[in-house]
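Beneath this line is the structure, given in structure tokens, with notes to follow.
Ligands are counted one by one from 1 in listed order, and the atoms in each one are counted from 1 as well. Remember, it's a predicted structure, so these values are computed and weren't measured experimentally.
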Amino acid sequence: MTDKEAKYMEVLPQAASLLEGETDEVARMANLAALLHGAFGFWWTGFYRVMGDELVLGPFQGPVACMHIPYGRGVCGTAWQRGETVVVPDVEEFPGHIACSSESRSEIVVPVRRGGRVCAVLDIDSRELATFDDTDRHYLEIIVYNIFK
Ligand code: SME
């Protein structure tokens, strides 16, 4: 098991107990963002929520960020449009990437679904290139689809 997998194995039960019994979506997003951010030391960790035809900034940890992202725009809007996780090893290679912070080098965005529709996205940024891979996709999808749901 890699160090990264071991860290996710620690975080999974923490996320489950943190969210258990809490029904308020903002409270859940806020604490899940804080848990992931603290455990892994990411540069930016947070949620954007679907509001009509755009994403609006939700609970997050890290530097200030753009507050509105149109459908299909940037990595977040693309993950919403595709309805699937998008892993970006180098943000400069992603057409239309929205640079909220010039420090961000790589990114992963996981859509959150409610009733079959994307209602939010979990967005995580790193200051290193190629931070995120299939291990992150796998465990973050477990967290978002099975624990956060
Ligand atoms: N880079 C994102 C915008 C959000 S910030 O990274 C927090 C994007 O291209 O959608």
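In this structure, Met67 places its CE atom where only 12 or fewer heavy-atom neighbours from other residues, nucleotides or ligands lie under 6.0 Å away. Around the CD atom of Glu128, the shell of radius 6.0 Å holds no more than 12 heavy atoms that belong to other residues, nucleotides or ligands.
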Enumerate donor-acceptor pairs with a distance under 3.5 Å from any side-chain N or O in residues 108-120 to protein atoms, sequence neighbours excluded.
| unit_1 | atom_1 | unit_2 | atom_2 | d |
| --- | --- | --- | --- | --- |
| Arg113 | NH2 | Gly83 | O | 2.3 |
| Arg114 | NH2 | Glu25 | OE1 | 3.3 |
| Arg114 | NH2 | Glu25 | OE2 | 2.3 |

Which atom pairs, one a donor and one an acceptor, fall under 3.5 Å between side chains of residues 10-17 and the rest of the protein, sequence neighbours left out?
| unit_1 | atom_1 | unit_2 | atom_2 | d |
| --- | --- | --- | --- | --- |
| Ser17 | OG | Pro13 | O | 3.4 |
| Ser17 | OG | Gln14 | O | 3.3 |

Give me the pairs of N or O atoms, one from ligand 1 and one from the protein, that sit under 3.5 Å apart.
| unit_1 | atom_1 | unit_2 | atom_2 | d |
| --- | --- | --- | --- | --- |
| ligand 1 | 1 (N) | His97 | NE2 | 3.3 |
| ligand 1 | 1 (N) | Ile98 | O | 2.7 |
| ligand 1 | 1 (N) | Glu107 | OE1 | 3.0 |
| ligand 1 | 1 (N) | Glu107 | OE2 | 3.1 |
| ligand 1 | 6 (O) | Asp123 | OD2 | 3.3 |
| ligand 1 | 6 (O) | Asp125 | OD1 | 3.4 |
| ligand 1 | 6 (O) | Asp125 | OD2 | 2.7 |
| ligand 1 | 9 (O) | Val75 | N | 2.9 |
| ligand 1 | 9 (O) | Ile98 | N | 2.9 |
| ligand 1 | 10 (O) | Val75 | N | 3.0 |
| ligand 1 | 10 (O) | Cys76 | N | 2.8 |

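Applying the ring pair (Phe, Tyr, Trp, His ring centres under 6.0 Å) test to residues at least two apart or on different chains, the pairs with a partner in residues 77-121 are Tyr71-Trp80.
Aromatic rings from Phe132 and Phe40 are positioned such that their centres are separated by 6.0 Å or more.
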